[in-house]
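Computation of the quantities below employed the complete heavy-atom set of this structure, encompassing side-chain atoms and omitting hydrogens, waters and symmetry-equivalent molecules. We count ligands from 1, going down the list as the structure has it; atoms in each ligand are counted the same way.
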Amino acid sequence: MNRLNFRVDARATGSRARAARFRTLHNEVLTPLFMPVGTQATVKAQLPQTLEDSGSQILLANTYHLLLRPGPEVFRRTGGIHGFMSWPKSVLTDSGGFQIFSLPHSRSMTEAGAVFQSYIDGRTILLSPELSIETQLAIGSDIMMALDQCVASTSDEATAREALEVTRRWAARSLTARGDSPQALFGIVQGALFKSLRRESAQGLCEMDFDGMAIGGLAVGETKTEREEMCEYTAELLPPDKPRYLMGVGTPLDILEAVHRGVDMFDCIIPTQVAQRGGVFTSRGFLQMRRGVYKFSEEKLDPACDCPTCTRYSRAYLHHLTKTKETLGWQLLGKHNIHFYHQLMREIRESIMEDRFMELYFDKRSFLQEDDLDNPVLDPGPKPVKRPARGDYEIHTAREGFASILHVPSGEIMHSRTPPMDEARRLYIEQSFLAERLQAGSNADPLVIWDVGLGAAANAMAAIRCYEKLADGTVRPLRIISFENDLDSLQLAFEYNERFPYLRHSGPSGILKKGHWQSREHAGLSWTLVRGNFQESMAGAPAAPEVIFYDMFSGKTNGDQWTLDAFRRLRMACADRPAELFTYTVSTASRAALLVAGFHVAKGRSTGDKVETTIAFTPEAAASPFAQRHELLGSEWLGKWQRSAARIPSWLPTAEQPAFEQGVLGHPQFSP
Ligand SMILES: [Zn+2]
């Protein structure tokens with residue numbers, strides 16, 4: 001029986017994000033979606049009508065709590081939860097596994113189920129997979145969850161393995177107990193932070209006839225990075241044709257990150273819980289309404305929001321309600337927060353449908369982790385240390401501890417997720433087969449690299465290190481030509497080179513002082529800086545490139561470097577010679593412009609946030625052994641391009657659009 005009729009509407013380029021739809025017993029559901037939590041058959045302080053108006057499609061209810069009170073008999077007699085709470089759309093019930101896990105002192109686990117004492121009347125209850133399903137059938141939810149054994153994500157391997165084996169046996173019993181009821185049932189993948197266990201758990205559950213899959217056992221003690229990594233790993237193990245639900249996560253930023261990693265459904269108590277304490281998520285960062293800065297503010301809570309709270313009440317009033325702990329304050333802030341979550345999910349879905357999710361992702365990520373941008377929270381502790389800065393640049397420290405350079409006006413970070421040298425090696429050195437090229441002994445011509453966008457010199461230094469490692473043998477001379485109009489980022493990183501250890505080398509100081517460096521140890525190794533706007537300076541470069549590292553700031557910050565004209569000029573600068581270009585972007589517009597400019601375009605490997613990057617090469621390079629190893633974009637990409645709203649770049653004049661379209665469609669790399 002196909003209970004949900006799940007269909008994928010669109011997948012995002014450069015990400016695992018997807019937009020899908022499915023049909024429950026009550027309504028059609030569009031994903032990615034957020035489900036407000038209504039533990040006791042009510043979302044705290046919110047009317048069902050308000051939830052419906054703000055776009056809630058599914059509410060979460062809690063089997064453990066509803067089993068104890070009012071008890072399944074009430075639902076049987078009143079015809080189920082929908083009529084009981086006057087909620088016309090879908091309900092998902094969790095199985096009770098997580099609540100039992102949260103009561104470590106008053107429960108025991110057996111093969112039969114979880115034994116615990118009711119906090120209401122002291123009765124001893126055995127919550128078995130069968131009782132959980134029986135209760136969920138009585139509640140009448142659209143989606144039920146199989147009872148699982150949740151363990152702390154930091155559990156040791158033996159404990160985690162035991163829990164997942166019990167969970168698998170309980171999953172099979174849950175399916176049997178569901179029988180042929182039309183209510184959908186999801187299985188829950190466990191396995192703590194062990195990849196092998198996550199894989200084993202997912203494989204076991206995938207063989208069973210569940211209508212969807214949940215990722216359980218996260219958001220229970222691990223770090224954010226661990227959670228994201230495990231979420232990505234697990235989501236990929238799940239069947240592509242069933243919804244994926246990440247249980248209990250999270251903040252708007254957590255959700256954005258998980259959508260990027262392939263998850264469709266989320267629930268969390270955060271929007272109503274932080275509202276009770278005066279917290280709100282807004283387009284201007286996270287606000288704590290108890291702060292005195294809002295006492296006289298007649299502004300809207302969130303200038304970008306059209307929820308009932310923002311349309312009608314001032315920050316001053318909401319501040320007052322919060323200070324006096326009035327229930328209305330909780331209600332109004334909760335209403336806004338839920339609206340904010342739903343609005344975020346709508347924007348995410350729209351961006352996936354229009355294939356511009358990655359743009360939205362970078363855009364949102366920059367403010368979703370901020371506190372009030374307009375009224376910054378001052379650190380009341382020791383005097384804040386001034387952040388190392390120079391010109392438009394600051395040093396950014398990643399959560400993992402490594403340093404990179406932040407471009408303050410745009411918010412773009414060079415290498416935000418992977419240490420600069422690791423990313424440079426992965427994306428530019430390894431993909432260009434630089435070591436092999438240098439060792440192509442018969443060729444005494446210098447290998448010329450154009451390093452477009454010197455930045456803090458990670459790519460150039462990675463190339464220099466690659467050469468220095470090989471230089472004992474026979475290698476071609478290497479000539480690096482870096483293009484940059486603003487040396488502040490390199491100067492800043494150089495001043496703090498204890499944070500950028502790869503810059504402790506004679507090369508960067510030569511470039512900063514004289515714009516040129518010649519290795520003293522290796523006569524064949526040199527590095528030259530060409531200053532100015534790349535579009536103007538490339539024609540005067542001292543030599544044509546064989547390899548191009550195209551590492552400019554994105555089109556949003558640096559639009560004129562990513563246009564058709566820019567790539568045409570670059571194609572000319574390659575002077576009908578074999579040349580290969582490597583870049584981090586996966587933007588549909590940039591790839592299309594590269595094709596129209598006469599390059600062949602191939603898929604590059606993943607890095608940091610991106611599941612893919614881009615490689616382009618001139619037709620003259622097509623026969624080279626290096627270019628032949630790249631995987632060209634094929635009919636799948638072309639089909640996606642034809643369906644994409646970003647098919648024709650917005651910067652292209654109308655008159656040039658037909659020729660552009662023809663340039664992509666008629667490109668030789670797509671001819672059969
Ligand atoms: Zn609002």
H339 N/O/S atom closer than 2.8 Å to the Zn ion (ligand 1): no

Y245 side chain to I188 backbone, donor-acceptor under 3.5 Å: no

Angular separation of C305 SG and C310 SG about the Zn ion (ligand 1), given to 10°: 110°

Y119 and Y64 aromatic ring geometry - parallel, tilted or perpendicular at 30°/60° bounds: tilted

Parallel, tilted or perpendicular: ring planes of Y393 versus H407, cut at 30 and 60 degrees: tilted

Atom name in H336, limited to N/O/S, at shortest distance from the Zn ion (ligand 1): ND1

Flag side-chain contact, heavy atom, 4.5 Å: R261 against R16: no

